[in-house]
2 protein chains.
Amino acid sequence: MEQALVDAAERVLVRDGLGGLTVRAVAAEAGVAPMGVYNRFGNKDGLVAAVLVRGFGGLAAAVGEDTDVDPTARLLASGRNYRRFALAHPQHYAAMFGPGLSQAAPTAELADRADAAFTALVDRVRYGMDRGVLRPGDPRGTAQLIWNAVHGAVSLELGGLVLTPDAGATYEALLQVLVDGLR
Amino acid sequence: MEQALVDAAERVLVRDGLGGLTVRAVAAEAGVAPMGVYNRFGNKDGLVAAVLVRGFGGLAAAVGEDTDVDPTARLLASGRNYRRFALAHPQHYAAMFGPGLSQAAPTAELADRADAAFTALVDRVRYGMDRGVLRPGDPRGTAQLIWNAVHGAVSLELGGLVLTPDAGATYEALLQVLVDGLR
DNA sequence: ACCTCGCGTAGAACATCGTTCTACATTGAT
DNA sequence: ATCAATGTAGAACGATGTTCTACGCGAGGT
């Protein structure tokens, strides 16, 4: 039943966006009374946290999807898959990184999932360092640097603030600059 | 009087954050009735748009602040000042880039201000290209690439999602990677 | 000088949101 | 079969954005 509520929340989120994600709408979509949300998740934040857990799971899966043997290709694939996930699930991405990010007290499970997604990137950075295509150093710091850049590109693109004619080309250029600058 | 309302809105935004920025709170802070907001700005979005206009003005000023003759130093200064502005005015930054970015219909003046801030960066990129420290190409595309990366770093840092011990050092590393990769 | 008219204001009112409260049904145990 | 407990449904409460309804105050005409 919690699953049914989270499913309903995801449908409402995709259909009506983050603004339309209300307790009443989710409860109606799931065919229960609004109280069901509070019985199962405590409050609205708990429900959206459950949705975000799925979102971070999908993001981690996307980042770790391709496993090219070539370390540079593997890194580039992660970057492309990151953007692909965000463009395929823009409302999820906005909910994951949009509101206040920190003001909403993150669940322990949510933090775990987010950390898992980050760790997937760290592993790929370490893979690249071990094979010499990335300058040696702290893999977590380098992964954070890459995440910063990639998140900014995706975030601005979802917000319609990428003013270049081809956002995909600009994104590819960013990935290339990153691997060049980190070599 | 519009100015008084925008001043009040900025005080409320800084004091109570984006969530506390309500029509009633702003009206009370300005000492007028809530209707004053609707008479002057149409609705709440118009009021926050006026606040964001100021925000983008400050961002543009920060990006264009230092004018080192060395093109690389000028670019790095812009990047550092961008982050400094965001850390000094986190609520403004969150309001400018946080909510939906696109769903809130942007005012023409707001778009102008945002474009002015972006143009300040484009000018610096062109300066760097002309003096040979950046690979030649479309200055707007390169500026967008830089903006993407820098915005992501600042956005994640404000959200508390920079997991490295020293966010400032990670930011500096990102700037260095950008100038290296774009050389 | 007084009356009138019009515009902006103040405060109540409405719909919706998150959240809580109050009965009521349903289920499992004794 | 009775009873307790749990979860449900629906109303209800405070707050929000927005709108409606009188009210006041100043400008213009006689």
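What you are looking at is a predicted structure, and each value in this text was computed from that prediction instead of being measured. A, B, ... follow the sequence lines: proteins, then strands. Residue 1 opens every chain.
Distances shorter than 4.0 Å separate none of the side-chain N or O atoms of A/Arg40 from OP1 or OP2 on D/dT6.
The CG atom of A/Leu5 sits 14 Å away from the P atom of D/dG7 (whole-angstrom rounding). Remark: C1' of D/dT18 and NZ of B/Lys44 are 12 Å apart, rounded to the nearest angstrom. Here the P atom of nucleotide D/dT19 and the OH atom of B/Tyr38 are 7 Å apart, to the nearest Å. The CG atom of A/Leu47 sits 10 Å away from the P atom of C/dT19 (whole-angstrom rounding). Rounded to whole angstrom, the span from the CG atom of A/Asp45 across to the P atom of C/dC17 amounts to 16 Å.
For B/Arg131, there are no side chain to side chain donor-acceptor pair (under 3.5 Å) partners two or more places apart in sequence or in a different chain. Every ring-ring contact (aromatic ring centres under 6.0 Å, His included) that B/His92 has, sequence neighbours left out, goes to B/His89.
B/Leu87 and B/Leu59 fall within the same hydrophobic cluster, defined by Ile, Leu, Val, Met, Phe, Trp and Tyr side-chain heavy atoms under 4.5 Å apart, directly or through other members. At a threshold of 4.5 Å between side-chain heavy atoms, the hydrophobic network of Ile, Leu, Val, Met, Phe, Trp and Tyr places B/Tyr127 and B/Met129 in two separate groups.
Both A/Val23 and B/Asn39 lie close to DNA chain C; mapped to their nearest nucleotides by heavy-atom distance, the more 5′-ward contact belongs to B/Asn39.
For A/Phe56 and A/Phe97, the distance between ring centers is under 6.0 angstrom.
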Please tabulate the protein-to-nucleotide N/O contacts below 3.5 Å involving nucleotides 11-15 of chain D, giving atom names and distances.
unit_1	atom_1	unit_2	atom_2	d
D/dA12	N6	A/Arg24	NH2	3.3

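Under 3.5 Å, the side chains of B/Tyr82 and B/Tyr171 contain no donor-acceptor pair of N or O atoms.
Counting any heavy atom pair closer than 4.0 Å across all strands shown, B/Leu21 reaches sugar-phosphate atoms only and no base atom.
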